[in-house]
S.K.: 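Below you'll find the structure I mean.
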Amino acid sequence: MSLLLSLFFFGLMDQLCTTQIKPQIANRLFITNNPTLTTIALEKPFCVFGSDSCSGCNVYLYGVDVASSGLAVVDDNGVPLNSNFQRTNGGRLAPYKVASFGLPNCKSPPQFDNAQDLTQIANILDKYLVRIGDNVTCLTDPNYLGICNPPLSEGTTYRFRYILVNSTGKMADQTLWSDSITTRTVKDMSRIDTWPGRRSGGMIVITSILSVLVFLLLAAFAAAVLTSMMGGSPTGANATMHESRTTQQASSEAYSGVLRGSSLERERYVPKPQA
Ligand SMILES: *[C@@H]1O[C@H](CO)[C@@H](O)[C@H](O)[C@H]1NC(C)=O
Ligand SMILES: *[C@@H]1O[C@H](CO)[C@@H](O)[C@H](O)[C@H]1NC(C)=O
């Protein structure tokens, strides 16, 4: 029992001394299209490090391609490495410094209720999130040695880690490496449903079947209406047609008879030339 207790105690101590938290991908409530082809948004480390208030402290964010064999972010003296995007071949050789910002204030996390307009929301998101891959400025100078946060490679898997640097410029705390996060590929993007612009094959088949069914239903309805308009049984309709045809034939015969008769009459009354 005492062994269990002490195990629990030391486990707790371990948690208190080194931050066991991983950087988290931004909550889908705040940002839906994440990751994109070239960017990944992470939540800033609110209430993550032991010391909430730390004057002169800064947080550094490092990123690394999972293909990299090196994972060091500080030297033997605990001083953060100034590796940047260009020199680490975009994180393929070693972790690179993605961003640097002040320690987020744990006691006043961003309040979304206060947001009145879009610019305010953008500001709050900026305080709450860090976007990896959204600054192309440093790409114009290939020899740039400062912090550089240019677009990531598509379909590439990265991991990230925050470290807390105190006023002496040494690492005072750090998170674990994040879970692997993979940027999208163009193929992924085309698979995103952009209804109603794009429809799946299954949807087209269902639509076609439904249209055929509706057509058949309308045709049946039209036939039913026609039948009832013909006044009852189909045989009655045939009889009427037959009768009318006979009448027509008879009357045309009578008419031609009249014509013939009249021509005879005309012959009779044509004055004979006088001999
Ligand atoms: C973009 O990066 C440059 C240096 O690479 C930096 O000076 C600038 O402040 C950054 N811009 C933003 C909006 O972070
Ligand atoms: C800064 O961090 C280093 C390494 O953790 C520590 O030895 C030093 O006392 C810290 N300095 C301050 C002023 O907190």
Side-chain angles (χ1 to χ4, degrees), residues 13-21 23 26 30-31 33-65 71-107 110 118-153 158 160-177 183:
M13 283 302 288
D14 195 38
Q15 286 238 319
L16 290 175
C17 294
T18 58
T19 304
Q20 297 290 300
I21 293 173
F30 304 133
I31 183 162
N33 188 16
N34 182 37
T36 66
L37 287 175
T38 58
T39 67
I40 294 171
L42 295 182
E43 292 184 4
K44 281 188 176 175
F46 278 88
C47 313
V48 159
F49 299 114
S51 43
D52 293 340
S53 57
C54 168
S55 64
C57 278
N58 273 311
V59 175
Y60 292 171
L61 172 61
Y62 285 87
V64 70
D65 186 322
L71 284 177
V73 295
V74 291
D75 66 14
D76 293 341
N77 298 318
V79 176
L81 299 175
N82 270 326
S83 49
N84 85 344
F85 189 89
Q86 275 97 333
R87 281 194 292 175
T88 62
N89 195 6
R92 279 179 208 96
L93 304 177
Y96 71 97
K97 207 196 272 183
V98 176
S100 161
F101 46 86
L103 180 65
N105 189 344
C106 185
K107 294 198 177 67
L118 281 175
T119 54
Q120 259 180 319
I121 291 173
N123 280 339
I124 292 171
L125 280 180
D126 213 40
K127 270 188 202 143
Y128 188 67
L129 306 175
V130 49
R131 278 185 90 100
I132 300 134
D134 76 343
N135 188 341
V136 294
T137 317
C138 59
L139 288 185
T140 53
D141 178 6
N143 298 316
Y144 186 78
L145 295 180
I147 293 178
C148 181
N149 182 20
L152 302 168
S153 306
Y158 296 90
F160 302 95
R161 170 174 238 167
Y162 288 116
I163 72 170
L164 181 69
V165 180
N166 69 17
S167 55
T168 67
K170 288 192 174 183
M171 180 173 76
D173 203 349
Q174 62 181 329
T175 66
L176 300 174
W177 282 105
T183 52

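Whatever order the structure lists them in is the order used to number ligands and atoms, beginning at 1. Sequence positions, counted from 1, serve as the residue numbers for this chain. Please read all numbers here as calculations on a predicted model, not as lab measurements.
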S.K.: How far apart are the closest heavy atoms of Cys138 and Gln86, and which atoms are they?
M.R.: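 Where Cys138 meets Gln86 most closely, the heavy atoms are O-NE2, 3.2 Å.
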S.K.: Which residue supplies the protein heavy atom nearest to atom 4 (C) of ligand 1, what is that atom called, and how far is it?
M.R.: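 It is Tyr144 OH, 3.3 Å.
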S.K.: Examine the proximity of ligand 1 to Asn149 and report which part, side chain or backbone, both or neither, has a heavy atom under 4.0 Å away.
M.R.: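 Under 4.0 Å from ligand 1, Asn149 contributes no heavy atoms.
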S.K.: Which atoms from ligand 2 have a heavy atom of Thr168 less than 4.0 Å away?
M.R.: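 So the answer, numbered in order with elements, is 1 (C), 11 (N).
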S.K.: Has Thr39 got a side-chain atom pairing as donor or acceptor with Asp134's backbone, closer than 3.5 angstrom?
M.R.: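 Flag not set: sc Thr39 to bb Asp134 has no pair under 3.5 Å.
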S.K.: Which heavy atom of Ser55 sits nearest to which heavy atom of Ser167, and what is that distance?
M.R.: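 Between these two residues, the closest heavy atoms are O-CB, 4.1 Å.
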S.K.: Of all the heavy atoms in Ala172, does at least one lie under 4.0 Å from an atom in ligand 2?
M.R.: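 Yes, Ala172 has heavy atoms under 4.0 Å from ligand 2.
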S.K.: Under the 3.5 angstrom rule, does the side chain of Asp75 hit a backbone N or O of Gly78 as a donor-acceptor pair?
M.R.: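 Answer holds: yes.
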S.K.: With distance as the sole test, does Thr183 use its side chain to make a donor-acceptor pair with the main-chain N or O of Thr36 at under 3.5 Å?
M.R.: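 Here the side-chain-to-backbone pair does not exist.
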S.K.: Would the distance check show the side chain of Asn84 and the main-chain N or O of Gly146 forming a donor-acceptor pair, the cut-off being under 3.5 Å?
M.R.: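 Between the backbone of Gly146 and the side chain of Asn84 there is a qualifying donor-acceptor contact (under 3.5 Å).
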S.K.: Do me a favour and list the nearest non-hydrogen protein atom to atom 6 (C) of ligand 2 with residue, atom name and distance?
M.R.: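 For this ligand atom, the closest protein heavy atom is Asn166 ND2, 4.1 Å.
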S.K.: Identify the closest protein heavy atom to atom 11 (N) of ligand 1: which residue and atom is it, and at what distance?
M.R.: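 It is Asn135 ND2, 2.8 Å.
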S.K.: Using a distance-only test with no angle check, is there a side-chain donor-acceptor pair under 3.5 angstrom linking Asn77 and Lys170?
M.R.: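 No pair is found: no donor N or O on one side chain lies under 3.5 Å from an acceptor on the other.
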S.K.: Under 4.0 angstrom from ligand 1, any heavy atom of Ile147?
M.R.: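 Yes; Ile147 lies near enough to ligand 1 that a heavy-atom distance drops under 4.0 Å.
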S.K.: Is at least one protein non-hydrogen atom found at under 4.0 angstrom from atom 9 (O) of ligand 1?
M.R.: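 So far as the 4.0 Å threshold goes, atom 9 (O) of ligand 1 is out of reach of every protein heavy atom.
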S.K.: From Phe49 CZ over to Gln174 CD, what is the distance, rounded to the nearest 0.5 angstrom?
M.R.: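 Rounded to the nearest 0.5 Å, the CZ-CD separation comes out at 8.5 Å.
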S.K.: Once you restrict to heavy atoms under 4.0 Å, what part of Ser167 touches ligand 2? Side chain, backbone, both or neither.
M.R.: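 Side chain only.
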S.K.: Would you say Met171 has any N or O atom under 3.5 Å from an N or O of ligand 2, going by distance alone?
M.R.: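 Yes, since at least one N or O of Met171 sits under 3.5 Å from an N or O of ligand 2.
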S.K.: Can you find a protein heavy atom closer to atom 2 (O) of ligand 1 than 4.0 Å?
M.R.: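 Under the 4.0 Å cut-off, atom 2 (O) of ligand 1 does have protein heavy-atom neighbours.
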